[in-house]
Protein chains: 2
Amino acid sequence: MPTSKDVAAAAGVSQSTVSYVMSGKRPISEKTRLRVEAAIEQLTYQPNAGARALASRKSQVIGLVLPITPEAHLGSLMEFIAVIAATARRHDHDILLVTDEEGSQGLERVVGQQLCDGLILMQVEAEDERIPVVRKLRVPAVFIGIPDDSAGLNCIDADFARAGELCVEEMAAAAHTSGVIIGWRPRLVGSRLNYVGRFLGGADAAAQRLGVSLSHVPATSDRGSIEAAVDACIAGMEGKPAFVSPDMTVLELLPRILRERGLEPGKDASVIGMGPAPQALIELQESTVLDLQPRLVSQRAVEILFSLMQADNPDPGGLLELIPPLVTHRHGTAEPPVPVPQSTR
Amino acid sequence: MPTSKDVAAAAGVSQSTVSYVMSGKRPISEKTRLRVEAAIEQLTYQPNAGARALASRKSQVIGLVLPITPEAHLGSLMEFIAVIAATARRHDHDILLVTDEEGSQGLERVVGQQLCDGLILMQVEAEDERIPVVRKLRVPAVFIGIPDDSAGLNCIDADFARAGELCVEEMAAAAHTSGVIIGWRPRLVGSRLNYVGRFLGGADAAAQRLGVSLSHVPATSDRGSIEAAVDACIAGMEGKPAFVSPDMTVLELLPRILRERGLEPGKDASVIGMGPAPQALIELQESTVLDLQPRLVSQRAVEILFSLMQADNPDPGGLLELIPPLVTHRHGTAEPPVPVPQSTR
DNA sequence: TTGAAAGCGTTACCAC
DNA sequence: GTGGTAACGCTTTCAA
């Protein structure tokens, strides 16, 4: 493997000149720049990442912290990861995977070893054990998800309150006067993931405003529990039932569960919900679906992280950004997308 | 951040002793070892990854190369990634994500910059453009998927031929005398992913052996195309139809498509197939499903890579390993798992 | 506009 | 058993 020394020799310049040609951190005469670039090309030189990190104290790597919990919707996770990786590359950074297999020790490790310059944490919970760790580490970090105590942290997420509202609005627009919100998983009920609460809040407010009645029926992620919840709803409702869910897993199962009970979704019952995986939308044609815009959320997460990393400011105040969902697919109609991000605080 | 120099000072030893205590590469007296370990603990010392990589010429990182093609089943991909990351950590290595956004240039980059010591490539195609690149780079690499020309490469995959056989055997056991294999996507038809061909080969052989008739109907990943294929099958078949597919996307859609046509899967029609995402199995209760054992495949991939990296042998012959699938879920019965990996060549 | 040289924090060889 | 020290390949200050 050629080194910058080799390049310097080949171009007849000093090693520092090679470095400056690559970084552009100081003016170089056209003439020598061309010579150096030619040598680089010729030798197919690539700087050694370790040496560069050592000297510059920057690894050009960002750590992506994933919770591999059984209740995660893997397809959605992957969606985020892909966008994050692509965006990072566009900023000339790479992604190091940090699974929470090692728990928050993994965080201390990757930061302690200076393997990465910043962190993105996914699926952040209401009271996330990773939060005190990150606070202590004083490393640039962005949280995807809104913890209960987000003071001083940089958080971004889909706006679930707005999503709840939108779902109920869709419900009302489809002439339902009552509906049921169904489905989140057992470990989430204890407000572990507070997006559920945010969703309910928005939905309830809209229900009150629009004069529709709304009930909540919890379910776990296994099929039996969802079936039981559906049966309870059907029994207790009058008219065409409407099912609303903020949970991708529930949404994926709902249509077939309804069909098994002789209800044709979209005709005998409405299914309204939202999920972060656009790919899954093709499977939910009978439903009205909001796009949680995972691409936007993850892209912004990366961009916020970069602004933090550049500022190099130890404590930049904290930021809370909510991305409004989009009605992407409305059962039985052509879909009119209406983008517009927004941020607060 | 404390350095090994600080540790040395605190423990009253030389820096090299600290290094040797950490690596265990030379005998250290009990006494000094304890002192050094105490100092490490005390200062919460962690070695700097960049410096370590520079000096040892090993980054302790493995590059995971993902194809983010639209036709990938993201949930399955994620499944693999999680296992690979966990296994790598168990060997004291980290995972760097290499999306093929940059194409095979990304490979040249991560290897050239010496960001990683080895590569795992996922979703390897029959004629994969990454193969000549990896060959040239002469870096330890494991392919998940079997390319047409696998000579000298280290490949591992699920045994799709066996899977095809098993599916047909399941079909015959359910008293079908004819069935149809349905669904792979347009870009895959051109033998891009040859697992389809392997699956068909196995299925055909079994069909011949068991005296059942079998036809192939291609479909794309969009719902309309699968529906058309199903309709064609229903029209042309006599008796209870059996649908077999090696494609997770198709399997997920099949049950509801059948129901829309008044066929209750498992009763009026059989759905038999296999997919790499165990999570999805809960959604496929009406089907007979083989587990492609993504956990086993990815675990072995990592282990093979480590043996290559240790050998440090530039050209270790090549290896082809096929993991037999497992009948995990048989419609309407309790499932008797029958494990046993195997390898060839 | 360019070069020389001092680090950056490890590892590993050579002495003792 | 242990310590000194020369790499490792880059960045960046200081001089010119």
Side-chain angles (χ1 to χ4, degrees), chain A residues 1-37 39-40 43-61 92 94 109-117 312, chain B residues 1-37 39-40 43-61 92 94 109-117 312:
Chain A
M1 291 267 174
T3 72
S4 67
K5 200 171 178 176
D6 301 329
V7 175
V13 298
S14 80
Q15 213 174 348
S16 58
T17 299
V18 175
S19 176
Y20 285 117
V21 166
M22 299 216 60
S23 68
K25 285 190 181 172
R26 85 178 181 190
I28 301 281
S29 76
E30 180 78 3
K31 186 160 142 283
T32 62
R33 212 199 58 229
L34 289 175
R35 283 236 309 290
V36 171
E37 284 171 350
I40 288 176
L43 300 175
T44 65
Y45 165 71
Q46 304 210 225
N48 177 295
R52 185 196 278 254
L54 179 57
S56 67
R57 312 174 139 289
K58 249 139 197 31
S59 62
Q60 305 272 94
V61 168
D92 218 40
D94 278 288
R109 189 177 59 80
V110 293
V111 174
Q113 297 187 160
Q114 288 156 83
L115 268 165
C116 57
D117 308 328
D312 204 29
Chain B
M1 294 266 175
T3 71
S4 68
K5 199 171 178 174
D6 301 328
V7 174
V13 298
S14 82
Q15 216 173 348
S16 58
T17 299
V18 175
S19 175
Y20 285 117
V21 166
M22 299 218 58
S23 69
K25 286 191 183 173
R26 85 179 182 190
I28 301 280
S29 77
E30 180 78 3
K31 186 158 142 283
T32 61
R33 212 200 58 230
L34 289 175
R35 284 236 308 292
V36 171
E37 283 171 351
I40 287 176
L43 301 175
T44 66
Y45 164 71
Q46 304 210 224
N48 178 294
R52 187 195 277 254
L54 179 56
S56 67
R57 316 176 136 287
K58 249 135 197 29
S59 62
Q60 306 272 91
V61 167
D92 219 43
D94 279 288
R109 190 177 59 81
V110 293
V111 174
Q113 297 187 161
Q114 287 157 84
L115 269 165
C116 58
D117 307 329
D312 205 30

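Within every chain, numbering begins at 1; the chains are lettered A, B, ... in the order of the sequence lines, protein sequences first and strands thereafter.
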Contact span of DNA chain C against chain A, any nucleotide atom under 4.0 Å from a heavy atom, 5' to 3', runs C:dT1 to C:dG9
All side-chain hydrogen bond (donor to acceptor under 3.5 Å, both in side chains) counterparts of A:R33, not counting sequence neighbours:
A:E30, A:E37
At 4.0 Å (heavy atoms only), tell me whether B:S16 reaches a base, stays on the sugar-phosphate, or touches nothing.
base
Nucleotide interval of DNA chain D bounded by contacts with chain A (heavy-atom cut-off, under 4.0 Å):
D:dG9 to D:dC14
Restricting to side chain to side chain contact (heavy atoms under 4.5 Å, CB included), what partner residues turn up for B:A55, sequence neighbours left out?
none
How close do B:S4 and B:Q15 get, counting heavy atoms only, and between which atoms?
OG-NE2, 3.0 Å
Only counting residues at least two apart or in another chain, list the ones meeting side-chain hydrogen bond (donor to acceptor under 3.5 Å, both in side chains) with A:T3.
none
How do B:A55 and B:E30 order along DNA chain D: which one's closest nucleotide is nearer the 5' end?
B:E30
Nearest-nucleotide check on DNA chain C, B:T17 vs B:L54; residue mapping nearer the 5' end is B:L54
Could you give the distance from CZ (B:R35) to CD1 (B:I28), rounded to the nearest 0.5 Å?
11.5 Å
How do B:Q15 and A:Q15 order along DNA chain D: which one's closest nucleotide is nearer the 5' end?
B:Q15
Heavy-atom pair of closest approach, residues B:A10 and B:A39:
CB-CB, 4.0 Å
Show the atom names and distances, to 0.1 Å, of all donor-acceptor pairs under 3.5 Å that link a side chain in residues 43-51 of chain A to residues at least two apart or in another chain.
{"residue": "A:N48", "atom": "OD1", "partner": "A:G50", "partner atom": "N", "Å": "2.8"}
{"residue": "A:N48", "atom": "OD1", "partner": "A:A51", "partner atom": "N", "Å": "2.8"}
{"residue": "A:N48", "atom": "ND2", "partner": "B:Q114", "partner atom": "OE1", "Å": "3.4"}

Global bending angle along the helix from C:dT1-D:dA16 to C:dC16-D:dG1, which compares the axes of five pairs at either end, to 10 degrees
40°
Could you measure the distance from the CG atom of A:D117 to the CD atom of A:Q60? Nearest 0.5 Å is fine.
6.5 Å
Pairs involving residues 17-26 of chain B, ordered by first then second residue, that meet side chain to side chain donor-acceptor pair (under 3.5 Å) (sequence neighbours left out)
B:S14-B:T17
Under 4.0 Å from any atom of DNA chain D, heavy atoms only: list the residues of residues 6-14 of chain A that qualify, in numerical order.
none
Taking all non-hydrogen atoms of both residues into account, name the closest pair between A:L115 and A:V61 and its distance.
O-CB, 3.5 Å
Please identify each residue that fulfils side-chain hydrogen bond (donor to acceptor under 3.5 Å, both in side chains) with B:T32, with sequence neighbours left out.
B:S29
Near DNA chain D, counting only heavy atoms under 4.0 Å, which residues of residues 19-27 of chain B show up?
B:R26, B:P27
Mind checking the CE-CZ spacing from A:M1 to B:R57? Nearest 0.5 Å is all I need.
9.5 Å
Who passes side-chain hydrogen bond (donor to acceptor under 3.5 Å, both in side chains) against A:D6, sequence neighbours left out?
none
Pick base, sugar-phosphate or nothing for B:Q46, based on heavy-atom distances below 4.0 Å to the nucleic acid.
sugar-phosphate
